[in-house]
Amino acid sequence: MKERRFVLAFGTNSGGEAVIRQAVEMLGCRLGDMRMSRIVRTEPIGISSPPFLNAMAVGNTTMTASELRTVLKKTERLCGDTRELRCQNIITMDIDLLLLGSRRYKPDDWQRDYIQELSEELNHLTI
């Protein structure tokens, strides 16, 4: 299968910058070279919680969307994310697939200011 560009979004309200960098590093071992955006602080959307730290990453993969999502969920768990914590609005690590090839996922997320801002920054990075 040919390589396609992917864009990922990372968020945490409890793990700090270290957990985002840990997730990017773990994914880099599986996905190869990725470029990460800067990390920004955002207010929570839809839950009562402390502010979030968010970042995005871009890279290339031959994985399908399903395969990639499986790797993302496993990485979340390895970073300490659990259903029990999420029920308490504690998000240790959330990783969302936003783009694979020409297909966009999570259309509501693309409307968020920080996603648009970080996406614009990533567009200037080469992989």
Side-chain angles (χ1 to χ4, degrees):
M1 182 171 223
K2 92 176 197 184
E3 278 197 340
R4 294 178 291 169
R5 184 173 187 251
F6 65 80
V7 175
L8 306 176
F10 299 81
T12 180
N13 66 3
S14 67
E17 287 188 25
V19 76
I20 292 176
R21 294 188 193 290
Q22 175 188 15
V24 170
E25 185 177 312
M26 283 193 279
L27 287 171
C29 291
R30 285 293 309 270
L31 301 175
D33 192 30
M34 289 190 310
R35 299 285 185 255
M36 187 176 127
S37 73
R38 63 191 165 91
I39 296 173
V40 297
R41 184 181 168 112
T42 63
E43 292 302 314
I45 298 172
I47 65 170
S48 176
S49 85
F52 276 76
L53 293 180
N54 298 97
M56 293 175 69
V58 62
N60 294 299
T61 187
T62 58
M63 288 185 190
T64 65
S66 177
E67 291 168 333
L68 188 50
R69 282 192 187 106
T70 298
V71 170
L72 300 180
K73 293 303 163 198
K74 181 177 182 181
T75 303
E76 288 175 351
R77 287 190 305 276
L78 289 171
C79 288
D81 199 63
T82 66
R83 283 191 182 137
E84 294 78 19
L85 289 173
R86 284 185 179 235
C87 287
Q88 300 170 45
N89 291 336
I90 299 169
I91 313 299
T92 306
M93 176 48 51
D94 183 48
I95 311 169
D96 292 322
L97 174 61
L98 296 183
L99 178 83
L100 182 59
S102 61
R103 180 154 182 215
R104 279 188 173 197
Y105 299 87
K106 301 216 169 245
D108 290 344
D109 288 5
W110 283 100
Q111 302 307 309
R112 296 178 180 168
D113 290 342
Y114 76 92
I115 293 286
Q116 291 179 18
E117 185 179 321
L118 295 178
S119 178
E120 182 63 30
E121 290 176 19
L122 288 175
N123 284 334
H124 298 292
L125 299 176
T126 56
I127 304 300

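Heads up: numbering here begins at 1 and tracks the sequence.
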Straight-line distance of [X] [atom1] to [Y] [atom2], nearest 0.5 Å:
{"X": "Thr92", "Y": "Leu85", "atom1": "OG1", "atom2": "CG", "result": "5.0 Å"}
{"X": "Lys106", "Y": "Arg112", "atom1": "NZ", "atom2": "CZ", "result": "8.5 Å"}
{"X": "Ser49", "Y": "Gln88", "atom1": "OG", "atom2": "CD", "result": "12.5 Å"}
{"X": "Leu122", "Y": "Arg35", "atom1": "CG", "atom2": "CZ", "result": "11.0 Å"}
{"X": "Thr42", "Y": "Tyr114", "atom1": "OG1", "atom2": "OH", "result": "5.5 Å"}
{"X": "Leu100", "Y": "Tyr105", "atom1": "CG", "atom2": "OH", "result": "5.0 Å"}

Non-hydrogen atoms of [X] and [Y] that approach each other most closely:
{"X": "Met34", "Y": "Gly28", "answer": "CE-N, 3.8 Å"}
{"X": "Leu31", "Y": "Thr61", "answer": "CD2-OG1, 4.1 Å"}
{"X": "Ile20", "Y": "Ala55", "answer": "CG2-CB, 4.0 Å"}
{"X": "Ser119", "Y": "Met56", "answer": "N-SD, 3.8 Å"}

When hydrophobic residues are tied together by side-chain contacts of less than 4.5 Å, even through go-betweens, does [X] share a cluster with [Y]?
{"X": "Phe52", "Y": "Leu97", "value": "no"}
{"X": "Met26", "Y": "Met36", "value": "no"}
{"X": "Trp110", "Y": "Val40", "value": "yes"}
{"X": "Leu53", "Y": "Ile90", "value": "no"}

Side-chain contact, heavy-atom cut-off 4.5 Å: Lys74 with Val71?
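A side-chain contact is absent here, since even the closest heavy-atom pair is not under 4.5 Å.
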Are any of the side-chain heavy atoms of Phe10 and Leu27 separated by less than 4.5 Å?
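In contact.
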With a 3.5 Å distance limit and no angle check, can you tell me whether [X] reaches the backbone of [Y] through a side-chain donor-acceptor pair?
{"X": "Thr12", "Y": "Ile91", "result": "yes"}
{"X": "Arg4", "Y": "Met63", "result": "yes"}
{"X": "Asn13", "Y": "Asn89", "result": "yes"}

What do you reckon, is CD of Glu25 surrounded by more than 12 foreign heavy atoms closer than 6.0 Å?
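Count not over threshold, so no.
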Would you say Arg86 has more than 12 foreign heavy atoms packed within less than 6.0 Å of its CZ?
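Counting neighbours around CZ of Arg86, more than 12 heavy atoms of other residues, nucleotides or ligands fall under 6.0 Å, so yes.
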Partners passing side chain to side chain donor-acceptor pair (under 3.5 Å) against Glu76 (at least two apart in sequence or in another chain)
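Checked Glu76 against side chain to side chain donor-acceptor pair (under 3.5 Å); matches are Lys73.
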Using salt bridge (Lys or Arg N to Asp or Glu O under 4.0 Å) as the criterion, list what pairs up with Glu17, not counting sequence neighbours.
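Glu17 satisfies salt bridge (Lys or Arg N to Asp or Glu O under 4.0 Å) with Arg21 only.
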